[in-house]
Amino acid sequence: MDELLVCRDVSKNYNEGNNSVSVLKQVNFTIRKAQQVAIVGSSGSGKSTLLHLLGALDKPTSGDVLFEDTSIFSFNDRQQAAFRNQSLGFVYQFHHLLPEFSALENVAMPLLIGKAPIKQAKALAQQMLSKVGLSHRLDHKPSELSGGERQRVAIARALVTQPKLILADEPTGNLDYKTGEEIYQLLGELREQSQTSFVVVTHDTQLANKLDKSYQLIDGVLTESSVSK
């Protein structure tokens, strides 16, 4: 079995006064090891909510998410924190880099949080920054980097712990088309090198269709796109 993550009948409702608003409706899909999956949807379709559930940042109203055959919602708080630190990487539209730290320090941060020795953390961070083409920008702070470079730092930070799954929320949404293409090409190269799986949430169908499989999320209902490979 090469299944990494399985989403089973996941629904999410929010209460607004006396009304219940359904954001996700019995979502089902599977992510295999080293697979790149796109989830395409407009603003308000439930994409970010789904990503939060996959990252155990929220709990579903019903249904379950299995990671390597174990429910991620069966973990206690400490186990969930370890799961997010060791097995997952997160990339956002707005990179969320720490402005007072250098690129090297930002990438090393997840390792330091995981109690890795400082020397080892910085060495691994340097290796990952070299992989994303930023070996010449190690000591630069985010304000000294271009938008594409900042996103590369964010991707390096997500990958430095060698996670099995990357969750990316509109990773090219704040970039121009050319830089966005470069980021997607980089994701493909890193997948080949590390065998990491990616779930990429986006509104850009053209870029999404470059990935292994593409789903559409409309009003909380997930369907597989016919162009999936």
Side-chain angles (χ1 to χ4, degrees), residues 1 3-17 20-33 35 37 39 45-101 105-118 120-122 124-125 128 153-171 194-201 217 220 222:
M1 292 287 287
E3 293 179 349
L4 180 66
L5 181 144
V6 179
C7 194
R8 288 184 179 168
D9 292 324
V10 167
S11 296
K12 182 64 177 179
N13 302 332
Y14 290 101
N15 294 322
E16 294 185 357
S20 179
V21 178
S22 180
V23 179
L24 295 173
K25 304 169 184 175
Q26 293 188 311
V27 170
N28 289 277
F29 69 96
T30 298
I31 300 164
R32 300 194 308 273
K33 295 176 182 177
Q35 185 180 34
V37 173
I39 298 176
S45 62
K47 304 190 307 297
S48 294
T49 298
L50 178 57
L51 216 58
H52 289 163
L53 294 175
L54 299 182
L57 296 170
D58 197 0
K59 292 184 178 181
T61 304
S62 61
D64 205 356
V65 176
L66 305 181
F67 188 87
E68 296 184 323
D69 295 325
T70 300
S71 170
I72 64 175
F73 305 114
S74 67
F75 300 148
N76 60 34
D77 290 346
R78 184 176 179 180
Q79 290 171 325
Q80 283 194 343
F83 165 66
R84 285 190 290 268
N85 180 257
Q86 298 167 15
S87 297
L88 299 182
F90 296 88
V91 180
Y92 303 96
Q93 176 178 353
F94 300 100
H95 47 77
H96 295 303
L97 300 177
L98 299 172
E100 66 272 29
F101 293 105
E105 291 166 335
N106 267 282
V107 174
M109 199 64 66
L111 295 169
L112 296 174
I113 291 172
K115 307 300 183 183
I118 294 176
Q120 178 187 359
K122 287 189 172 181
L124 291 171
M128 190 55 65
V153 173
I155 291 169
R157 180 181 59 186
L159 283 162
V160 75
T161 58
Q162 299 182 318
K164 296 177 181 179
L165 177 63
I166 296 288
L167 303 176
D169 193 355
E170 299 282 8
S194 62
Q195 294 297 293
T196 300
S197 300
F198 288 82
V199 176
V200 180
V201 162
L217 188 60
L222 190 75

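All of these numbers come straight from a predicted model, not from anything done at the bench. Just so it is clear, the values below take in all heavy atoms, side chains as well, and ignore hydrogens, waters and symmetry mates.
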- Task: Assess whether side-chain contact (heavy atoms from CB on, under 4.5 Å) is satisfied between Leu53 and Ile72, documenting all intermediate values.
- Result: CA-CA 9 Å; Leu53 294 175; Ile72 64 175; over 6 Å; no

- Task: Answer yes or no: is there a side-chain heavy-atom contact under 4.5 Å between Glu68 and Lys164?
- Result: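 Yes, their side chains come closer than 4.5 Å.
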
- Query: Taking side chain as C-beta onward, heavy atoms only, is Ile118 less than 4.5 Å from Leu112?
  - Reply: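 They are in side-chain contact.
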
What distance separates [X] [atom1] from [Y] [atom2], expressed to the nearest 0.5 Å?
X: Phe198; Y: Leu159; atom1: CZ; atom2: CG; answer: 5.0 Å
X: Gln26; Y: Cys7; atom1: CD; atom2: SG; answer: 11.5 Å
X: Leu24; Y: Thr61; atom1: CG; atom2: OG1; answer: 8.5 Å
X: Leu88; Y: Thr196; atom1: CG; atom2: OG1; answer: 11.0 Å
X: Phe90; Y: Arg84; atom1: CZ; atom2: CZ; answer: 6.5 Å
X: Ile166; Y: Ile155; atom1: CD1; atom2: CD1; answer: 8.5 Å

- So, Lys33 and Glu3, do they make that salt bridge, N to O below 4.0 Å?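 The answer is no: the pair does not qualify as a salt bridge.
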
- Task: Please check if any side-chain donor atom of Ser62 sits under 3.5 Å from a side-chain acceptor atom of Asp9, or the reverse.
- Result: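 No donor-acceptor contact under 3.5 Å links the two side chains.
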
- Would you please classify the geometry between the Phe75 ring and the Phe83 ring as parallel, tilted or perpendicular, with 30° and 60° separating the classes?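 Taking Phe75 first and then Phe83, their aromatic rings sit tilted (interplane angle of 30° to 60°).
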
- Task: For atom CD of Gln79, decide whether the heavy atoms of other residues, nucleotides or ligands shown that lie under 6.0 angstrom number more than 12.
- Result: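 More than 12 within 6.0 Å, yes.
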
- Within a radius of less than 6.0 Å around CG of Asn76, do more than 12 heavy atoms belonging to other residues, nucleotides or ligands occur?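 It does: Asn76 CG has more than 12 such atoms within range.
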
